[in-house]
Number of protein chains: 4
Amino acid sequence: MTDTPRTRADDRTEAIRRTTLELAQEIGYAKLSIEGVAARAGVGKHTIYRRWPSKGALFLDAVLSPQQPDLDYPDTGDVMADLRTQIHHAVDLLGRPPFGPLFQSLIGEAQHNPAVAAELNERFAKPQEAKTVARLTKAREQGQLAPEFDLDLAMSILTGPLFFTLMVTQEPVTHEYVDRVLEALFAGMRPRP
Amino acid sequence: MTDTPRTRADDRTEAIRRTTLELAQEIGYAKLSIEGVAARAGVGKHTIYRRWPSKGALFLDAVLSPQQPDLDYPDTGDVMADLRTQIHHAVDLLGRPPFGPLFQSLIGEAQHNPAVAAELNERFAKPQEAKTVARLTKAREQGQLAPEFDLDLAMSILTGPLFFTLMVTQEPVTHEYVDRVLEALFAGMRPRP
Amino acid sequence: MTDTPRTRADDRTEAIRRTTLELAQEIGYAKLSIEGVAARAGVGKHTIYRRWPSKGALFLDAVLSPQQPDLDYPDTGDVMADLRTQIHHAVDLLGRPPFGPLFQSLIGEAQHNPAVAAELNERFAKPQEAKTVARLTKAREQGQLAPEFDLDLAMSILTGPLFFTLMVTQEPVTHEYVDRVLEALFAGMRPRP
Amino acid sequence: MTDTPRTRADDRTEAIRRTTLELAQEIGYAKLSIEGVAARAGVGKHTIYRRWPSKGALFLDAVLSPQQPDLDYPDTGDVMADLRTQIHHAVDLLGRPPFGPLFQSLIGEAQHNPAVAAELNERFAKPQEAKTVARLTKAREQGQLAPEFDLDLAMSILTGPLFFTLMVTQEPVTHEYVDRVLEALFAGMRPRP
DNA sequence: TATTAAACGAGACGGTACGTCGCGTCTTGGT
DNA sequence: ACCAAGACGCGACGTACCGTCTCGTTTAATA
């Protein structure tokens, strides 16, 4: 019966994260400031700097802490269908408010700040990759995937197109679009004999 | 016999762009400031603000102006080989100093600044897509591509994995890695009958 | 039959002076700018700089040109009454809008700008002093003034108190107040035997 | 046993005042800038703006703080002699470097800035007037002054001429000139019977 | 009358300073 | 002893004018 003792420090940490998210959603990451978060949270700036080294780190923690965003894989036995379902979820979460813009800013920040990039990788990309690889491994064992398919490339190939659209062309991504991408990836570009 | 009249204004614009690139390479985009560019270029701040609305816009223009980065497609008749060559070039340009870090920052900035995102699209993504689609169209006509292959997806599928690696996982991208991705894309994930 | 030929240059000069006065009355001397005058007058900045070396000089000219402010002395034969009348006029002109604030700013500017001070002296103070001395000389000859009264001091003594009130204490100056000052100056501080 | 605790804030305030005076004496009030004071004092601009609302207010405080300029009245029993002495002191202080130019600029600034005018009055003109009136009251009681002499006018009449000369004609003021003015004020302009 | 030089409007330009904002560090005072 | 509150040095922001400097375009006086 171990209850989590919820220290005062924990409460404050949580409050700061919550305020950060609120503010970021209201005014955007670019206009977010530690000064503003401290004021809104009723907290001294020192209390923030004691916990996070930079605005980027605070933001990343605020965005990734609340929930490990639910991007787990279903397993219905049909890998193509499961991938489809999962990527639809991903698109819904990452491509739409309220989470979408936060996530977009987070990746933007990672381009300027290596520490943020590293932590983003550790806390988001790698776990996600692990899940993907696990699901694909199973699929391959069941013969639903080409046996020579290179699992190291899984994330790049499956998620890369999605990110490209979200971040470079910045067009809205629909389920239908995702389906077309998935279909193309499965079929391959090479003409069938 | 059209001579380019090279007005004084043009010269200054060029000088500012050049200085911006220099400074960005020395200290990085994050520490770049309009004040700093103005000082180094021996130019009043207003002269910069008269031309570009923000640091991001200036930086984008400085990065994209010098040369339309040479990412044209060769055409040897073998589309797979040509794609390989072109993507190798892209990786060499976008993934390595001096251009790589600049480009990375540029995409990062686009996540915070819609105007930069739009111009990045207009001046970089769309022209590149047009070239890619043109090359693939030809290949499809010659039967080197599955006839049902969806060309609208071309950029996402071909370039997406590359961007994902450069920007999310931020691992170095080798020619060998690109080759494996390309091979997978061509073959498809589906097991061969 | 000399008509004044009113060249275009003269017209422009006049237009700039007029605009300067207008603007000064609207926004105050402190916020007045040559840039603003040029824009309002529909005139290039050069055209102003060609005529006046500084904002102060322009302002002085604009304030003092329109009319030699009518501060002439009446001569009814009674010097005390005439001084009274004249100083009432002076107070009405210098102590009240629209001219009062302009004049106040002008003297303020003269404290920072020697050229303005010199011209203010030449065009305002000295002529005024000449008139005063002339009137007092006549009065002394007619025995209405102590024969040993030192005319060099006339301006300081007669006008000084007025300026002090207008510029240092900046209280409103009434005719009644002026009368009391004049009476005191005439009577002297020394007790009568 | 009250010791003055000399907080850090007090020290900084004093340092800024001192620097302001220094700079003003070196380059003049017109070229003085808050930026310059901050740089010289090794202080952030905000630290100045937190204390004074404008360059004028800072300057006034810097000029008037160091010492209540010693313009007290002696009391030898002879009011005429005492006034003479005091006004000589005033002329020496206000009409000569280093204090003279500062004071002149201060009054100039008061013409543009009502807040400065008000504080100048409060901290300089009114206290000075109080002293003058006190001394004259005593003199009147002792019969050295015309019993009907209007003490409300004292400052205007005694100091006005001095200010007029210092600020409008801007001629140097000598002790001898002051003496002549004083003599005239005592005697009055009216011819003796 | 046609030519030409000057004056002109417009406004770009290198500067300086403005007053504001937020950074990350350091003090202070209250609980 | 910790913490909110916020002062502090600093650096950059974006703006406003300064006084100088091209630009074409009138305008008027000369050839």
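Residue numbers start from 1 in every chain, and the chains themselves are labelled A, B, ... in the order their sequence lines are given, proteins ahead of strands. Only a predicted model underlies this, so the values are computations on that prediction, with no experimental measurement involved.
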Could you tell me whether C/E22 and C/R18 have a side-chain N and a carboxylate O separated by less than 4.0 Å?
-> no
Presence of salt bridge, A/R123 and A/D61, under 4.0 angstrom = yes
What integer distance in Å separates [X]:[atom1] from [N]:[atom2]?
X	N	atom1	atom2	result
C/R51	F/dG19	CZ	P	17 Å
B/Y29	F/dA12	OH	P	15 Å
B/I48	F/dA12	CD1	C1'	13 Å
D/L58	E/dC18	CG	C1'	15 Å
C/R12	E/dA7	CZ	P	12 Å

Hey, is the side chain of A/T47 poking within less than 4.0 Å of OP1 or OP2 on F/dC2, counting only N and O atoms?
-> no
Considering just the side-chain nitrogens and oxygens of B/R40, establish if one lies under 4.0 Å of OP1 or OP2 belonging to E/dG14.
-> no
Using a 4.0 Å heavy-atom cut-off across all strands, classify B/R50 as base, sugar-phosphate, or nothing.
-> base
Which residues satisfy the side-chain hydrogen bond (donor to acceptor under 3.5 Å, both in side chains) test with D/T47, sequence neighbours excluded?
-> none
Taking the side chain as C-beta and beyond, is there a heavy-atom pair between A/L32 and A/L58 under 4.5 Å?
-> no
Residues which pass side-chain contact (heavy atoms from CB on, under 4.5 Å) with B/Q25, listed by chain and number, not counting sequence neighbours = B/P98, B/L102
Nearest-0.5 Å distance that lies between atom CH2 in C/W52 and atom OG1 in C/T20 |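 It is 6.5 Å, given to the nearest 0.5 Å.
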Return the 5'-most residue of the pair A/A39, C/P53 with respect to DNA chain F, ranking by each residue's nearest nucleotide.
->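 Its nearest nucleotide being more 5', the pick is A/A39.
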I'd like a list of close polar pairs between nucleotides 15-18 of chain F and the protein, N/O only, cut-off under 3.5 Å.
residue: F/dC18; atom: OP1; partner: C/I34; partner atom: N; Å: 3.2
residue: F/dC18; atom: OP2; partner: C/I34; partner atom: N; Å: 3.3
residue: F/dC18; atom: OP2; partner: C/E35; partner atom: N; Å: 3.0

